[in-house]
Amino acid sequence: MKEIEELKLPDDIRYTDDHEWAKITGDTVLVGVSDYAQDQMGDVVFVELPAIGDTFAKGDEFGTLESVKAVSELYMPMSGEVIAVNTALADSPELINQQPYATWIVEIKPSDPSEYGQLHDAASYLQLLKG
Amino acid sequence: MRYLPHTPEEIDAMLAAVGAASLDELFASVPADCRMTRAWDLPAPKTEWELNDHLRALAASMGVNEQTAVLVGAGSYHHHIPETIRVLAGRSEFLTAYTPYQPEMAQGTLQGIFEYQTLTARLLGVDVVNASMYDGASALAEALLMGLRIAKKKRRVAVARAIHPHYRAVVRAYLEPAGFEIVELDTLDSGRTDLGGLDALDDLAAVALQSPNFFGVIEDLDSAAAAIHQAGALFVACFTEPLAYGLYRNPGSCGADIVCGEGQSFGLPRSFGGPNLGMFGCKEPFTRNMPGRLVGETRDVEGRRGYVLTLATREQHIRREKATSNICSNQGICALTAAMYMASLGGTGIRQLARLNYDRSEYLKNLLIKAGARIVFAGPTFNEFVVEFAADFRPVRERLLAKNIVAGLELGTLYPDMAGRYLFCVTETIDRQTMDTIAAEVGA
Amino acid sequence: MSATSEPLGTGGLIFNEPLLWHKGRKGRTGMSIPAGDVPAAAIDDALLGEPVDFPDLSEIDVVRHYTRLSQWNFGVDSGMYPLGSCTMKYNPKTNERQAATPAIAAAHPMLADELCQGTLRLLFELQRSLAAITGLDAVSLQPAAGAHGELTGMLIFHAWHRHQGAQRRKILIPDTAHGTNPASAALCGYQAVAIKSDDRGMLDPALVAELMDEDTAGIMLTNPNTLGLFEERIREIAAIVHAKGGLVYGDGANMNAVLGVIDAKRCGIDVLHLNLHKTFSTPHGGGGPGAGPVCVTSELEPFLPVPRVVKEGGSFRLDSDRPLSVGRIHAFHGNFGILVRAYSYILTMGEAGLKQASRLAVLNANYIKEQLKDVLHLPYDRPCMHECVFSDLNQQAQKITTLDMAKRLIDYGYHPPTIYFPLVVHGALMIEPTETECKDDLDQFIATLRTIVREAEEQPDLLRQAPHRTKVRRLDEVQAARCPCLIGPSAG
């Protein structure tokens, strides 16, 4: 596993306590998991995705990541409606390990864009990881 | 005691190494008020030879034995078992191994179960088969729970009244505490299940039929699949006699989504009802909702073919309360035995054997009709059928028992409205002479 | 070379063998089928299936296939199998013979009671023995495995609370519990509430008191727990649960430690399951079948599954007239052939033998613990019961994990211990030698693990690449899960 110093934590996205990231693209938000999350999980073998049109409140479970011997729930960083899911993950769940920040899991239309501001920025997330 | 290898000297040396004065001192952490204080009153230990005598005496006290012609199936069938199977399944490398969690040391079990999954999937017409459930009854209960899981918010299932009564009892025990509702579907005069009322049932997650059903009748699975899917439910097809699919179309090819049942017919003795083999398969989209273990093919670091337990995140040791089932120990050696049996029969042999069961069963049917009995259900059957006799059958049955023949199962305790009717089973183990004897007594 | 320094594993005489359907020729047969002695009957063609796609093999094809496969396997008869929590003791051969007694193996499960007196008597006597051994009052032999017994226990909890007039929604389960505990409780609709064990690896009654309320059906606990430690305050915990109207479930997976030592009823346990495939020596069969009888107090007897075997006068009969029963949980009488084996084991061992088995199981575990604790980290350094739990903490500097040490043990001819369980110990290595291993064999195992610890320091790659000598080496489990191949391709 990586040391904390080895983790990539881009500045242009925000993070949750549960290691998801959120990225604003126009009026939608892309959601994925952080380098730390994928590293802890090890090889991702399956991603359980929600249906398009499902709505979630901030903090709701919207799917799971599975490795060979563990399951990790995915929680919504912001409230909103799922408008797209990354179908490439069905055949290539390893993208989450290979490119955690280029690999979004769901795209949502946020119902309260101000929630973005409540998420950790890179510095604050790094502090969280350092405990 | 021959199973305990320690000599007194070794015990002393080991106690010294752990710093205890006596074996009892090892239990110092057990409080006095938790201790066993009563004697158990068990019989004095038996030698191997005394044990042989004891079991022989128990066996002798049975009213029937291995020589008896038992024309009763009802979920437990007498088929010939080749000696090869007893020898191979008894190999201690298979028998005394644990669940194959360390695949490098368990490739025999793993390849064997992969082959079982494959042959069973071919037999049932499904895409995936798991490594076994406890028996046909618990497999059916788990199939209905799986249907409820897939349907998410729905709370109701329907099961045919022509499913084995014990299986329906197990379904009730599994489903009712969690608040699920079970509706029973009546049997038509043909012996097939009435699916006419399905449309009127809302909130329906799954519908279960057995084919051949408890009365031996082959259900119309194609029409059932259409009606069940029309009602927005999953089709669970269940069975107690998988040999039927050596002759008849299998449930998967008729549109069943989940196919499950009892595999005892394939190389396992009746053994008073266990150990049996819960066979469980489904169509591919539902794989991740399945209960139980799965073996998958993969490669080792040098590229060699090998097998591992896979998709384990469904299971209790990883997902705990969110697992697809609580099952851990399954019926591993029974599944391996069934694979050995299927391999011994082959595609040619299973058709031949199934055909023989059918022909002999039809032969007895015809003899009984000629002797004045009525075959209660008109629907097609495999090796079981329900008979109603013109006169009280009990004295005839007693006479046949004296000739070491158990002639059918009386249905009144299982279906009060069928009192006085008998369910007969004829497998390849029942020869023409035995059937002629039965017909002669009925006609006498 | 002395006997104790010679490794068991050699690589051996191992054959390759294809999959079944890559063997055979159409028209072969491996089984004799009686000749048709009756006329062929007409059949509706519309119902007729396609020919089943099984390979046609001769008898020797089948025999060689499975003999070769068996040689890729390791069982208790091959060598030491110190899997923690699994009790891989020797499986006596005579028990196989007894289960195969012709009239018993041929017994049909639905015949009239008067035709089945021998099998019913066996069930009755086994129930009575297990009641005496646990200290509880009544036993059902129907559950087919430990988890099935747990489910039965939870169904009993559920039925009992309903009978008391108020259903409850939660159940307390320690964080050291087997995964089957929460999964079994969930099947009954109970929400599992985890209890953290304390820094001694034990349950704290104060915490139980805090969590136990009148919406909690009871507690499921394992004693000895999965750290191999005896829960000393079990009576206090049971009293807390009972005071709030709850019941106490005992997971008897670790019963092999305490035969003749504890009385479950005196411990305050209301329902207990036993694993006959652990404590009572029946073989594991590469995954099953097991048997998980459930033992209860007399108060809960009316809730046991039906049918019950009862004795009236000198004969035995099945009784299904039990209105409070949870119903039926097996098609017939449970894994009867396994029950015959356990019955035979109890008759062979007798009271003194069974009690001595637990003493020696505990001696063996403590001996291993004492001989390895200077090289392997022992998170709870206390006298253990029948198993001891180490971790890979000492090997972290070399980045050697529990998995690496486990795989290296295979090269030396041992089945690895249970790894990564219980979850509360990071990198757990859980060793349960059982009583059937002698001191010489334990010494050899201990020496081997010490060698592996030394290898971890000197040649860590040897461990990371292990096993080296097996027919296949480490398998790609990631690929197996990403692109599942669960059945072979169809020939058609």
Side-chain angles (χ1 to χ4, degrees), chain B residues 5 10 18 23 29 36 40 42 45 55 58-59 61-63 65-66 88 91-93 95-97 99 104-105 107-109 118 121-122 134 137 169 173 177-178 249 269 271-275 296-298 300 306 310 316-317 320-321 323 326 328-333 344 346-347 362-363 432, chain C residues 30-31 37-38 41 49 53-54 56 66 69-70 72-77 98 102-103 105-107 109 115 118-119 132 144-145 147 158 179 182-184 186 188-189 192 230 263 283 285-290 327-328 331-332 335-337 350-351 359 366 438-439 470 472-473 480 485 487-488:
Chain B
E10 285 173 328
V18 304
L23 287 172
S29 64
M36 175 62 70
W40 293 346
L42 299 183
L55 269 288
L58 276 184
S61 72
M62 295 294 281
N65 59 34
E66 70 282 9
L88 295 170
R91 283 192 70 97
S92 73
E93 299 91 332
L95 192 62
T96 71
T99 303
E104 300 90 342
M105 298 191 103
Q107 284 298 301
T109 295
T118 302
R122 291 180 185 182
Y134 305 133
R249 289 178 62 205
S271 187
F272 210 45
E297 186 173 292
T298 186
D300 78 353
T310 193
Q316 47 75 27
H317 62 281
R320 298 175 82 85
E321 66 269 23
N326 69 331
C328 181
S329 285
N330 56 18
Q331 304 284 115
I333 199 75
S344 299
E362 291 295 306
Y363 178 78
R432 182 172 183 157
Chain C
M31 182 168 155
D37 56 355
V38 297
D53 183 16
F54 289 171
D56 283 357
Y66 286 103
L69 258 57
S70 76
W72 308 343
N73 244 26
F74 183 95
V76 174
D77 284 8
Q98 308 310 336
L115 298 180
T119 44
H158 199 271
S184 301
C188 286
F230 192 82
D263 178 327
R328 185 182 272 281
F332 301 114
N335 279 333
F336 183 78
E351 185 165 336
R359 292 195 189 104
N366 278 286
C438 68
K439 179 173 178 293
T470 42
V472 293
R473 296 186 50 207
C485 169
I487 62 168

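Proteins come first, then strands; the chains are lettered A, B, ... in the order of their sequence lines, and each starts at number 1. Worth saying up front: this structure is predicted, and the values here are computed from it rather than measured.
- Comparing B:Gly63, B:Ala169, B:Gly273, B:Ala121 by heavy-atom pairs within less than 4.5 Å of chain C, the highest count is held by B:Gly273.
- Put simply, of C:Gly488, C:Ser184, C:Pro283, C:Pro182, the one with the most heavy-atom pairs under 4.5 Å next to chain B is C:Pro182.
- Looking at B:Leu95, the atoms closer than 4.5 Å to chain C (heavy atoms on both sides) sit in the backbone and in the side chain alike.
- Between the side chain of B:Thr96 and the backbone N or O of C:Asp77 there is at least one donor-acceptor pair closer than 3.5 Å.
- Of the listed residues B:Gly347, B:Gly332, B:Ser329, B:Ala137, the one with more heavy-atom pairs under 4.5 angstrom with chain C than any other is B:Gly347.
- Ranked by heavy-atom pairs shorter than 4.5 Å toward chain B, the options C:Ala144, C:Gly327, C:Gly350, C:Ala480 are led by C:Ala480.
- Contacts between B:Thr99 and chain C at a heavy-atom distance below 4.5 Å involve backbone atoms as well as side-chain atoms.
- Between the side chain of C:Asn73 and the main chain of B:Thr109, a donor-acceptor pair closer than 3.5 Å is present.
- Of the listed residues B:Glu362, B:Glu297, B:His317, B:Met62, the one with more heavy-atom pairs under 4.5 angstrom with chain C than any other is B:Met62.
- For the pair B:Thr298 and C:Cys485, the minimum side-chain heavy-atom distance is 4.5 Å or more.
- Of the atoms belonging to B:Arg432, heavy atoms from both backbone and side chain fall under 4.5 Å from chain C.
- With chain C as the partner, the residue from B:Ala59, B:Ala178, B:Pro275, B:Ser61 showing the most heavy-atom pairs under 4.5 Å is B:Pro275.
- Of the residues considered (B:Glu66, B:Arg320, B:Arg249), B:Arg320 shows the highest number of contacts with chain C, using heavy-atom pairs under 4.5 Å.
- The candidate with the highest count of non-hydrogen atom pairs below 4.5 Å against chain B, out of C:Ala186, C:Ala107, C:Pro102, is C:Ala107.
- Of all the listed residues (C:Ala105, C:Gly189, C:Gly337, C:Gly290), the one sharing the greatest number of non-hydrogen pairs under 4.5 Å with chain B is C:Ala105.
- Your options are C:Ala145, C:Cys438, C:Cys188, C:Ala147, and the one with the most heavy-atom pairs under 4.5 Å with chain B is C:Ala147.
- Without hydrogens or angle criteria, B:Asn326 side chain to C:Ala183 main chain gives no donor-acceptor distance under 3.5 Å.
- Interface check for chain C: of the options B:Gly346, B:Ala173, B:Ala97, the most heavy-atom pairs under 4.5 Å are formed by B:Ala97.
- Per-residue counts of heavy-atom pairs under 4.5 Å with chain B were compared for C:Gly179, C:Gly30, C:Ala192; the largest is that of C:Gly179.
- Side-chain atoms of B:Gln331 and C:Asn335, non-hydrogen and from C-beta on, do get closer than 4.5 Å to each other.
- Remark: C:Phe336 engages B:Phe272 in a ring-ring contact (aromatic ring centres under 6.0 Å, His included) (not counting sequence neighbours).
- Shown here are the ring-ring contact (aromatic ring centres under 6.0 Å, His included) partners of C:Phe74, two or more places apart in sequence or in another chain: C:Tyr81.
- When all heavy atoms of C:Arg473 and B:Glu104 are compared, the closest pair comes out as O-CG, 3.7 Å.
- Rounding to the nearest 0.5 Å gives a distance of 4.5 Å between CD of B:Gln316 and SG of B:Cys328.
- Taking CD of B:Glu93 as the start and CG of C:Leu69 as the end, the distance is 11.0 Å to the nearest 0.5 Å.
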